[in-house]
2 protein chains.
Amino acid sequence: MTLTIDKVKELKEKPNPKQLGFGKYFTDHMFMMDYEREKGWFNPRIKPYEPLSLDPATMVFHYSQSVFEGLKAYRTEDDRVLLFRPEKNFERLNESNRRLSIPLVDNELILQYLKKLIEIEKEWIPKEEGTSLYIRPFIIPTDTNLRVAPANTYKLMIILSPVGSYYPEGIHPVSIYVEHEYTRAVKGGTGTAKTAGNYSAGYVAQEKAAQNGFAQVLWLDGMEKKYIEEVGSMNVFFRIDDEVVTPKLNGSILPGITRMSIIELLKSWGVPVKERLVSMEEIIEAYKNNRLKEAFGTGTAAVISPIGELNWHNEQYIINNKKTGELSKKLYETITSIQTGSMKDTFNWTEVVK
Amino acid sequence: MTLTIDKVKELKEKPNPKQLGFGKYFTDHMFMMDYEREKGWFNPRIKPYEPLSLDPATMVFHYSQSVFEGLKAYRTEDDRVLLFRPEKNFERLNESNRRLSIPLVDNELILQYLKKLIEIEKEWIPKEEGTSLYIRPFIIPTDTNLRVAPANTYKLMIILSPVGSYYPEGIHPVSIYVEHEYTRAVKGGTGTAKTAGNYSAGYVAQEKAAQNGFAQVLWLDGMEKKYIEEVGSMNVFFRIDDEVVTPKLNGSILPGITRMSIIELLKSWGVPVKERLVSMEEIIEAYKNNRLKEAFGTGTAAVISPIGELNWHNEQYIINNKKTGELSKKLYETITSIQTGSMKDTFNWTEVVK
């Protein structure tokens with residue numbers, strides 16, 4: 001398949017790099033590719049970023065069946081462009097496709113197209129500390145009828161957004177509400193897939209938490225509301241004494257790429273790390289015995305988001321005096337330094353864009 | 001709020017009423033209304049049916065947060081137009097909105113707008129037996145940024161589609177695969193809401209069933225895979241001896257309007273009907289004792305869809321010799337006769353459009 005490139009006539013004005021926020025601005029071009037049942041994926045193209053024209057009966061509006069990914073491109077001190085384990089995102093995209101009955105993509109080829117797009121948009125990658133170019137690949141079904149069945153036509157798109165530092169005022173621990181009414185996901189459901197419906201399903205709990213002054217919710221398992229699963233839309237880790245534990249991938253947890261990297265990093269440092277069932281009771285028990293040293297969420301947006309407080313059944317549990325723990329800090333600094341090329345990447349996690 | 005009406009210049013050619021299928025053709029006009037956080041819902045309008053122009057960053061593509069409804073308008077022998085319990089659909093739309101953190105709508109007002117739209121599109125309501133005008137109200141979030149949070153802007157739309165008879169060759173029982181790997185919904189999740197993500201989540205099970213020659217899947221509860229919940233995207237009923245049982249609305253089952261009507265109808269006939277937990281084991285036990293007389297799904301599309309066979313853990317259970325049961329038939333005929341005005345509506349379920 002030949003990639004066609006159609007460049008815009010006039011470039012947009014770039015936004016103020018100090019006021020980027022998250023996912024508000026988009027670059028001049030986007031990547032697009034189509035699928036039809038008889039043809040497979042075809043017509044890969046880089047074209048001007050512009051609105052889609054979609055019939056009101058387009059399946060994406062009615063039955064979702066859409067999946068996405070999120071990764072970042074970083075500009076190094078010496079002006080190279082790095083991607084962080086991008087092959088893992090495109091492998092996961094196919095896992096999400098499989099769960100949602102969406103035809104698989106040639107993930108290695110898509111990564112090549114992405115690199116070409118980034119090359120064209122290189123000037124959009126902000127230079128300020130903590131900033132990056134957020135990359136959003138996504139797939140939507142485009143059949144225009146109301147059958148409740150997998151679509152026969154799809155579009156895969158990649159859009160790019162320069163984003164600000166997640167911590168403009170420095171990394172700081174947040175208060176978390178332990179949710180025991182709503183459920184994020186359950187085994188046999190779509191929790192392991194990065195699919196659209198998983199995200200809006202959590203809004204009602206998120207709003208309830210926000211109204212009570214909490215930054216996010218901690219999700220428990222959907223069966224017994226006993227075991228910890230995720231925090232907000234991040235994976236979650238706890239340091240108990242000098243061991244780190246994180247919920248194992250039990251069929252309802254998103255297999256995070258930051259999560260995977262944290263585990264590999266801890267192992268390389270000789271820090272014991274276990275992927276296993278982690279019950280809320282166990283965490284509270286550790287807390288009461290002064291053995292709960294740190295807790296943090298992990299994800300592409302924040303990398304590490306320290307948890308300063310857990311609220312469970314109206315009891316307040318303050319972790320590490322609401323300060324960022326030493327291990328959390330070291331993990332954050334190591335990963336962001338590898339991502340931005342300021343630390344040697346002994347893991348071979350980063351990939352240079354041309 | 002004043003409804004504005006902008007009519008098309010040229011009407012479309014109407015499709016062959018014998019080859020309508022489901023949700024393939026759409027009428028000349030649609031209803032649309034917008035929401036902004038500061039303004040509330042505004043600008044209700046009937047306008048030409050035409051594509052939407054949406055930025056690729058529009059939230060609906062990324063995090064779903066969309067809900068919908070499905071109901072029908074029927075043309076009577078004497079050329080009146082009837083809606084079947086439409087107020088229930090718009091009440092449920094608000095229940096779905098509540099679960100998905102979408103601002104509530106004035107459901108009575110929307111129903112008035114819908115009636116106006118149908119009045120304009122009256123010629124699109126097919127006359128053939130079993131046909132009707134399918135009505136699809138839906139809401140999508142329209143913010144153009146990638147925040148994982150409830151949108152600040154939405155569009156509510158109603159589109160209309162003339163649809164063919166669900167049973168062009170007569171009502172016939174189908175074979176059903178009892179799904180014990182995938183989960184449709186779980187308490188605390190979104191199973192009670194008519195939200196986009198619920199539908200595509202079931203495709204993978206639906207495809208697996210189809211590959212093995214089954215028309216649909218029977219969904220069990222997500223916790224223990226023990227209790228029956230729904231069949232395909234329908235509610236489900238079983239007749240055991242002369243009693244009818246259906247799973248109770250336990251927090252993961254869609255509260256169907258056909259379901260509700262079936263229960264009321266059975267009660268009016270003096271047929272004992274129970275809403276309670278129904279385990280798969282109980283159904284098999286009743287089957288083995290020759291007490292399982294009939295089984296059927298209920299929903300807007302098919303009204304009644306008889307189940308002729310259940311396949312559970314590779315065992316085949318043939319119900320009523322794969323023939324439509326007498327109660328299933330009577331329910332189907334009564335409801336469709338009320339819907340199309342050929343039987344007196346003693347329940348006051350139907351509403352005349354002007």
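Each chain gets a letter, A, B and so on, in the order the sequences are listed, and its residues count up from 1.
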Contacting region of B/Met32 [heavy-atom separation from chain A under 4.5 Å]: neither

Which atom of B/Val204 lies closest to which atom of A/Arg98, heavy atoms considered: CG2-O, 4.0 Å

Best-contacting candidate, A/Gly21, A/Gly189, A/Ala193, A/Gly70, against chain B by heavy atom pairs under 4.5 angstrom: A/Gly189

Most chain A-contacting option - heavy-atom pairs closer than 4.5 Å, from B/Ala151, B/Ser101, B/Ser233, B/Pro150: B/Pro150

A/Phe138-B/His62 aromatic ring centre distance below 6.0 Å: yes

Partner chain B: residue of A/Asn198, A/Val148, A/Val60, A/Ile140 with the largest heavy-atom pair count (under 4.5 Å): A/Val148

Toward chain B: residues of residues 176-188 of chain A with heavy atoms under 4.5 Å: A/Glu181, A/Tyr182, A/Thr183, A/Val186, A/Lys187, A/Gly188

Positions in residues 206-220 of chain B that reach chain A, provided some heavy atom is under 4.5 Å away: B/Gln206, B/Glu207

Toward chain A: residues of residues 46-59 of chain B with heavy atoms under 4.5 Å: B/Tyr49, B/Glu50, B/Pro51, B/Leu52, B/Ser53, B/Leu54, B/Asp55, B/Pro56, B/Ala57

Inter-residue atom distance B/Tyr25.OH - A/Asn145.CG, 0.5 Å rounding: 10.5 Å

Part of B/Leu100 lying under 4.5 Å from any heavy atom of chain A: both

Any residue of residues 152-161 of chain B which, by heavy atoms, sits under 4.5 Å from chain A: B/Ile159

Among the listed options B/Tyr63, B/Phe26, B/Tyr199, the residue most often paired with chain A at heavy-atom distances under 4.5 Å: B/Tyr63

Distance flag, aromatic centroids of B/Phe61 and A/Phe68, threshold under 6.0 Å: no

For the student: nearest non-hydrogen atoms of A/Phe22 and B/Arg147, plus distance: CD2-N, 4.5 Å

Option in A/Gly197, A/Ala201, A/Ala205 with maximal non-hydrogen atom pairs under 4.5 Å from chain B: A/Ala201

Pairwise distance CZ(B/Arg99) to OG(A/Ser200) - rounded to 0.5 angstrom: 9.0 Å

